Structure formats: structure tokens, C-alpha cells
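Bear in mind the structure is a predicted one, so any value in this text is a computation, not a measurement. Chain A is the first sequence line, chain B the second, and so forth, proteins listed ahead of strands; every chain is numbered from 1.
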There are 2 protein chains.
Amino acid sequence: MFTIGQVSEQFNIPVSTLRYYDKEGLFPYMERQSGIRRFSETEIEALRVIECLKASGLEIKEIKQFMQWCVEGSATYPQRRQLFEKRRAAVEQEIARLQKALSLLKFKCWYYDAAVKEGSEERVSKMLPDKLPPEIQKLYDEGRQ
Amino acid sequence: MFTIGQVSEQFNIPVSTLRYYDKEGLFPYMERQSGIRRFSETEIEALRVIECLKASGLEIKEIKQFMQWCVEGSATYPQRRQLFEKRRAAVEQEIARLQKALSLLKFKCWYYDAAVKEGSEERVSKMLPDKLPPEIQKLYDEGRQ
DNA sequence: ATATCACCTAAAGCTGGCTTTAGGCCAAGA
DNA sequence: TCTTGGCCTAAAGCCAGCTTTAGGTGATAT
């Protein structure tokens with residue numbers, strides 16, 4: 001059992017944010033001891049799921065919906081399964097998007113590295129759009145698909 | 001040369017957003033023809049960089065800063081290089097974060113798949129936290145680091 | 001006894017990134 | 001001729017996700 005301050009420290013999440021999550025209904029099982037929140041293993045587990053769903057791009061109210069499904073029991077297994085499948089697809093897409101951005105960023109690092117070394121981007125800019133060294137050409141092309 | 005409407009369609013970005021970017025100074029070289037914006041290859045290129053930097057988590061005003069550096073010429077190569085290096089690191093970190101979330105999501109898909117099939121999460125929840133099938137155990141462990 | 005600390009609430013405030021609104025210009029087609 | 005469509009501006013509005021503020025409680029340390 002933990003206090004809000006301990007959880008805040010453990011997860012590096014502000015106390016105000018934990019209170020906000022609670023107010024939004026993300027800890028449906030949370031108990032209190034004379035007004036003070038008690039975070040049990042259930043809430044710690046919930047917090048891990050919250051962080052995961054939030055990273056996946058889900059909004060707070062949809063996370064609340066999920067928590068409600070948990071309270072409703074086995075009848076909502078299909079909804080919960082579907083939710084995780086959708087979030088999985090969303091995260092896979094987002095990773096792909098970031099990987100594309102990463103390629104362009106790597107290309108730009110190479111480009112400005114050369115520009116700094118040569119004092120000018122002239123030579124290197126003349127290699128665009130398809131006369132770049134193979135490795136770099138790949139990054140450049142990936143970055144603009 | 002493109003009109004704002006054509007660029008909007010090509011990039012699937014609302015016209016209002018393109019005007020907003022322009023107002024925020026993200027297209028320092030943009031020209032006008034009797035008041036109407038003309039998007040040249042320069043602006044198309046800029047837009048790709050904007051999308052990339054935005055994906056990397058950069059704020060609009062910092063993107064504007066970058067565009068200003070471009071206008072200032074070769075003296076700002078080092079700043080630009082440093083910016084791209086930092087964004088690269090940030091994106092790599094973000095991908096790692098998403099990969100962790102993805103592991104937990106995959107685990108949850110497996111979990112609820114079993115729960116749906118068996119009509120109960122009882123059996124499967126008893127395998128926690130370290131009696132899961134090897135493949136799944138890996139996902140579960142990755143998901144909570 | 002008093003001050004400090006960690007907790008509590010309700011409500012207001014903030015921020016970034018757009019989007020919407022209200023009003024206007026100009027060119028082409030019916 | 002008139003109306004439709006695409007362009008323009010400035011300014012107001014919107015939203016999620018917090019964070020801050022103002023005011024309060026109760027336990028422990030000096």
C-alpha cells in the first residue's frame with residue numbers, strides 16, 4: 001500500500017496528475033483511509049496500463065471507459081480485447097511514422113555534418129535528389145515517402 | 001508552383017493549418033502573386049521538414065527558429081546540425097518508449113484472447129507474474145520495465 | 001505550542017495547435 | 001448578371017490535459 005506521494009515519486013508523475021486521474025475515474029477500485037487515497041497493487045497495475053494506453057494515443061475518457069469495462073466483469077472481455085488490438089495497430093503505425101521521420105533526421109545530420117566540415121552546403125546539395133552515397137540515399141528516400 | 005489548396009490536398013493538411021504555419025513564420029521564402037500565396041519547391045521541401053520536426057516533438061516556434069537559421073545562411077550550420085542531432089535522439093527515445101508500450105499491448109491482446117476463449121481470465125491471471133509461456137513472458141516483462 | 005509536512009477539495013487558469021467566424025476580393029461559368 | 005468557388009485577413013474560439021490557487025485537516029518534530 002502506497003500514499004499518493006510515494007506513487008508520484010515511484011512513477012515520476014506529479015501528485016496533481018494522480019489526483020486528476022483519480023477524479024477522471026481511472027482508479028475505480030481505489031480506497032481511502034480517513035479521506036486519504038491508498039494505492040494498492042491494483043492501482044499500480046492500473047497506472048501501468050494508463051501509461052501504456054496514453055502512450056498509444058488514447059484519451060483519458062477512453063481510458064476511463066476501459067476501467068469501467070474492467071469493473072463490469074467478464075461480459076466486456078471482447079471490448080477490452082478489441083481495444084488492445086486497435087491500440088496495438090495504432091502504435092505500430094506511429095512507430096512506422098517515427099521511423100520515417102528518423103530517416104530524414106539522420107539524413108539531415110549527415111547533410112549538416114558535411115556542410116559544417118566544408119563550410120558550405122553547396123557540394124552536398126548538388127547530390128540531391130538521387131546522387132547521394134547509397135547509405136544516405138536510402139535514408140533520404142525513406143524520409144520522404 | 002502550387003496554390004494553397006493544391007498543397008492542402010497533396011499533403012492532406014487543412015488550408016487553415018497551412019495559413020497558420022505561414023503566419024507563424026514557417027515559410028520565410030514564400031512569395032505572393034497579388035496577395036495569393038505561391039508554394040514553390042522550397043515551400044514543399046520546408047513542409048516535409050516541418051512534418052518531420054513536428055513528428056519529432058518540436059514545437060512550432062522552434063521550427064520557426066530553424067527556418068530563421070536557414071535564412072541566416074552558413075553561419076548557422078552548427079546550430080542546425082545540433083538541432084537535428086537532438087531531434088534524432090528524441091525520436092529514438094520515443095520509439096523505444098512506444099516499443100515498450102507495444103509489448104504490453106501485445107501481451108494484453110494475448111491475455112484477453114485467452115480470457116474470451118475461456119470465458120474467464122482466471123486461469124491466465126494465475127500465470128502472473130512469471131509463469132507465462134516464454135514468448136508472452138518476454139512481452140509482459142518488456143512491457144513493465 | 002507552534003511550525004512543518006503531507007495530505008485533501010473545488011475551481012480557475014494555462015498552453016499549444018489548430019479551427020472557426022465574419023467579412024471581403026476576384027474570376028469563371030450558367 | 002449573378003453566383004459559385006477559391007483565395008485573403010484578423011480575431012475569437014476550442015480542446016485536452018494538466019497545473020495552480022486558495023483554503024483546509026491532521027500527525028509529528030522542536
Side-chain angles (χ1 to χ4, degrees), chain A residues 1-28 30-40 43-44 46-67 87 90 94 97-98 101, chain B residues 1-40 43-44 46-68 87 90 94 97-98 101:
Chain A
M1 284 290 187
F2 305 96
T3 65
I4 200 168
Q6 289 166 334
V7 175
S8 161
E9 196 149 278
Q10 213 178 299
F11 281 80
N12 211 28
I13 295 174
V15 165
S16 61
T17 304
L18 293 172
R19 291 206 183 104
Y20 166 69
Y21 287 170
D22 185 28
K23 201 175 58 179
E24 293 301 305
L26 304 196
F27 300 117
M30 186 136 62
E31 288 174 14
R32 303 221 176 190
Q33 195 180 59
S34 50
I36 290 173
R37 292 176 183 84
R38 318 198 64 269
F39 287 74
S40 73
E43 280 69 45
I44 300 297
L47 198 44
R48 274 195 265 264
V49 175
I50 290 167
E51 297 254 87
C52 170
L53 290 176
K54 215 158 58 91
S56 87
L58 213 65
E59 291 184 7
I60 300 295
K61 61 184 166 206
E62 297 171 287
I63 300 179
K64 175 187 180 170
Q65 170 70 274
F66 169 74
M67 294 301 174
R87 293 339 290 165
E94 178 63 8
R97 199 176 75 95
L98 287 181
Chain B
M1 283 290 186
F2 305 96
T3 65
I4 200 168
Q6 288 166 336
V7 175
S8 161
E9 197 150 277
Q10 213 178 298
F11 280 80
N12 211 27
I13 295 174
V15 165
S16 61
T17 304
L18 293 172
R19 291 208 182 101
Y20 167 69
Y21 288 171
D22 186 26
K23 201 175 59 179
E24 293 300 306
L26 305 197
F27 300 116
Y29 292 109
M30 185 135 63
E31 288 174 13
R32 302 223 178 189
Q33 194 180 62
S34 50
I36 289 174
R37 293 175 182 84
R38 329 255 302 99
F39 287 74
S40 73
E43 280 68 46
I44 299 298
L47 198 44
R48 273 195 265 264
V49 174
I50 290 166
E51 297 255 85
C52 170
L53 290 176
K54 215 158 58 92
S56 87
L58 214 64
E59 290 183 8
I60 300 295
K61 61 184 167 206
E62 297 172 287
I63 301 179
K64 175 188 181 169
Q65 170 70 274
F66 168 74
M67 295 301 172
Q68 278 310 310
R87 292 339 289 165
E94 178 63 8
R97 199 177 76 96
L98 287 181

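- Residue A:Glu24 is out of contact with every strand shown, counting any heavy-atom pair closer than 4.0 Å.
- OP1 and OP2 of D:dT20 both lie 4.0 Å or more from every side-chain N or O belonging to A:Ser16.
- Side-chain contact check for A:Val49 versus A:Phe66: some heavy-atom pair is nearer than 4.5 Å.
- One atom, CD of A:Gln33, and another, P of C:dC7, lie 13 Å apart when rounded to the nearest Å.
- Listed candidates were D:dT9, C:dG16, C:dC7. Nearest to the side chain of B:Arg19 is D:dT9.
- If you measure from atom CD1 of A:Ile13 to atom C1' of D:dT19, you get 15 Å, rounded to the nearest angstrom.
- Looking at the side chain of B:Glu59, the nearest of the listed nucleotides C:dG16, C:dC7, D:dC18 is C:dG16.
- A:Leu18 places its CG atom 10 Å from the P atom of D:dT19, with the value rounded to the nearest Å.
- Checking side-chain atoms of A:Glu43 against main-chain N and O of A:Ser40 turns up a donor-acceptor pair under 3.5 Å.
- The shortest distance between the side-chain N/O atoms of B:Arg38 and the OP1/OP2 oxygens of D:dC7 is not below 4.0 Å.
- Side chain of B:Gln6 to main chain of B:Thr3: a donor-acceptor pair is present (N/O by atom type, distance under 3.5 Å, no hydrogens or angles).
- Every side-chain hydrogen bond (donor to acceptor under 3.5 Å, both in side chains) that B:Arg97 has, sequence neighbours left out, goes to B:Glu94.
- Summarising the geometry, the separation between CG on B:Leu58 and P on C:dT15 is reported as 19 Å, rounded to the nearest angstrom.
- Taking 4.0 angstrom as the limit, B:Thr17 places a side-chain polar atom (N or O) nearer than this to OP1 or OP2 of C:dT19.
- When each of B:Val15 and B:Lys23 is assigned the nucleotide of DNA chain D bearing its nearest heavy atom, the one mapping closer to the 5' terminus is B:Val15.
- For A:Tyr21 and D:dC18, the shortest distance from a side-chain N or O to OP1 or OP2 is below 4.0 Å.
- Put simply, A:Thr3 has a side-chain N or O that comes within less than 4.0 Å of OP1 or OP2 on C:dC7.
- Rounded to whole Å, the distance from CD on B:Gln6 to P on D:dG5 is 18 Å.
- Note: CG (A:Asn12) to P (D:dC18) measures 14 Å, nearest angstrom.
- Of the side-chain N and O atoms in B:Tyr20, none sit less than 4.0 angstrom from OP1 or OP2 of C:dG16.
- Dashed line: the shortest gap from a side-chain N or O of B:Lys54 to OP1 or OP2 of C:dC18 is under 4.0 Å.
- Separating the CD atom of A:Glu9 from the C1' atom of C:dC7 is a distance of 15 Å, rounded to the nearest angstrom.
- Of the residues near DNA chain C, B:Ile60 and A:Arg32, the one whose nearest nucleotide (by heavy atom distance) lies more toward the 5' end is A:Arg32.
- One finds no side-chain N or O of A:Arg37 lying less than 4.0 angstrom from the OP1 or OP2 phosphate oxygen of C:dC7.
- Considering all non-hydrogen atoms of both residues, B:Leu26 and B:Ile60 come closest at CD2-O, 3.7 Å.
- We find that CZ of B:Phe39 is positioned 10 Å from P of D:dC7, with the value rounded to whole Å.
- Taking the side chain as every heavy atom from C-beta outward, A:Ile44 and A:Arg48 approach each other to under 4.5 Å.
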